[in-house]
Each structure stands twice: as structure tokens, then as C-alpha cells.
Amino acid sequence: MWKEEGHKLHRSLTFKDFKQAMHFMQQVADVAEEMDHHPWWSNVYNKIEIELTTHDAGNMVTEKDIKLARRIDEIYDQITASEL
């Protein structure tokens, strides 16, 4: 679940392994580039932390962040559903 903290949307995600996490990051990178809205994120093995904020709106959460968060959720659900 996304949480709004300190004018940022934040989500922690866990994957079955590093390879699945990297696959997720690549898919999100493609969408972020398409939307011209890039996340701050970090990865350690199978865990990814993501923060979204709109810099040109004074580092506030905007509709751009919400739209990207929805797309990220769709990608995460699609990738993790394949492990069932």
C-alpha cells in the first residue's frame, strides 16, 4: 500500500528474488520514461523502496504521482501474480 509521508508517496515492495525485482524495475523504468516522471527508488536483493513526488510542483504529491503509483501497482500485481 502507498503511504503519503512528508509530501511523498512511499511504498515498500518484496519480490521472490533479485531477478524478479530487476524485471519489475525495468518495466517501471519504461513507464516512468513514457510518463516523463521518474521515481526515487532503492533496491537490496528482493526488496524495493519507492518514493514519488513532483519536483516542479515544489516537491508535493500531484496527479502525476498518483497516476505513476497506479501504473506501478499494476506492474507489481502482474509480475507477482506469475509466481502463484
Side-chain angles (χ1 to χ4, degrees):
M1 289 295 196
W2 290 95
K3 293 181 193 174
E4 188 169 346
E5 301 172 338
H7 304 293
K8 298 176 184 174
L9 290 181
H10 179 265
R11 184 161 183 198
S12 300
L13 302 166
T14 302
F15 298 85
K16 71 177 179 178
D17 55 24
F18 180 73
K19 186 174 179 179
Q20 189 180 55
M22 290 297 95
H23 179 62
F24 168 83
M25 288 182 84
Q26 183 57 61
Q27 287 199 12
V28 171
D30 291 343
V31 168
E33 190 66 16
E34 169 190 309
M35 294 177 72
D36 193 29
H37 193 55
H38 305 91
W40 173 93
W41 54 14
S42 66
N43 164 251
V44 177
Y45 183 59
N46 70 332
K47 299 195 183 309
I48 296 175
E49 300 286 328
I50 302 175
E51 288 182 355
L52 302 175
T53 190
T54 302
H55 303 292
D56 55 350
N59 293 318
M60 301 296 285
V61 174
T62 67
E63 188 62 28
K64 286 176 88 170
D65 303 300
I66 294 166
K67 286 179 182 179
L68 182 54
R70 286 184 189 131
R71 296 285 302 273
I72 289 169
D73 288 345
E74 290 169 4
I75 293 166
Y76 180 74
D77 291 346
Q78 179 185 12
I79 287 174
T80 58
S82 66
E83 68 185 48
L84 298 177

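For the single chain, residues carry numbers from 1 onward in sequence order.
- Under the 4.5 Å side-chain heavy-atom criterion for Ile, Leu, Val, Met, Phe, Trp and Tyr, Val28 and Trp40 are members of distinct hydrophobic clusters.
- Minimum heavy-atom separation, Asp65 to Met60: OD2-O, 3.4 Å.
- Note that the OG1 atom of Thr54 and the CG atom of Asn59 stand 8.5 Å from one another [nearest 0.5 Å].
- Glu34 is listed as a side-chain neighbour of Arg71, based on a closest heavy-atom distance under 4.5 Å.
- Between Gln20 and Lys16, the closest heavy-atom pair is OE1-N, 2.8 Å.
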_side-chain contact (heavy atoms from CB on, under 4.5 Å) evaluation trace for Val61 with Leu52_ = CA-CA 7 Å; Val61 174; Leu52 302 175; over 6 Å; no

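- To the nearest 0.5 Å, atoms OG1 (Thr53) and NE2 (His10) are separated by 13.0 Å.
- Asn46 places no side-chain N or O within 3.5 Å of a backbone atom of Asp17 that could act as its donor or acceptor partner.
- Counting heavy atoms of neighbouring residues, nucleotides and ligands inside a 6.0 Å radius, atom NE2 of His7 does not exceed 12 of them.
- Counting only distance, with no hydrogens or angles, the side chain of Asn43 and the backbone of Tyr45 share a donor-acceptor pair below 3.5 Å.
- Taking hydrophobic clusters as Ile, Leu, Val, Met, Phe, Trp and Tyr residues chained together by side-chain heavy-atom distances below 4.5 Å, Met22 shares a cluster with Leu13.
- In this structure, Ile50 and Pro39 approach most closely via the heavy-atom pair CG2-CB, 3.9 Å.
- Closest of all the heavy-atom pairs between Thr62 and Ala57 is CG2-CB, 3.7 Å.
- Annotation for Lys64: atom NZ counts as buried by contact number, over 12 foreign heavy atoms lying within 6.0 Å.
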*CA sep, side-chain torsions, deciding dist, call: Gln78, Gln27, side-chain contact (heavy atoms from CB on, under 4.5 Å)*: CA-CA 11 Å; Gln78 179 185 12; Gln27 287 199 12; 4.1 Å; yes

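- A distance of 4.5 Å separates NZ of Lys8 from CD of Glu51, quoted to the nearest 0.5 Å.
- Proximity of Arg11 to Tyr76: side-chain heavy atoms (C-beta onward) are separated by under 4.5 Å at one or more points.
- Between Asp73 and Trp2, the closest side-chain pair of non-hydrogen atoms falls below 4.5 Å.
- Residues His38 and Asp36 have side chains in contact (heavy-atom distance under 4.5 Å, counting atoms from C-beta outward).
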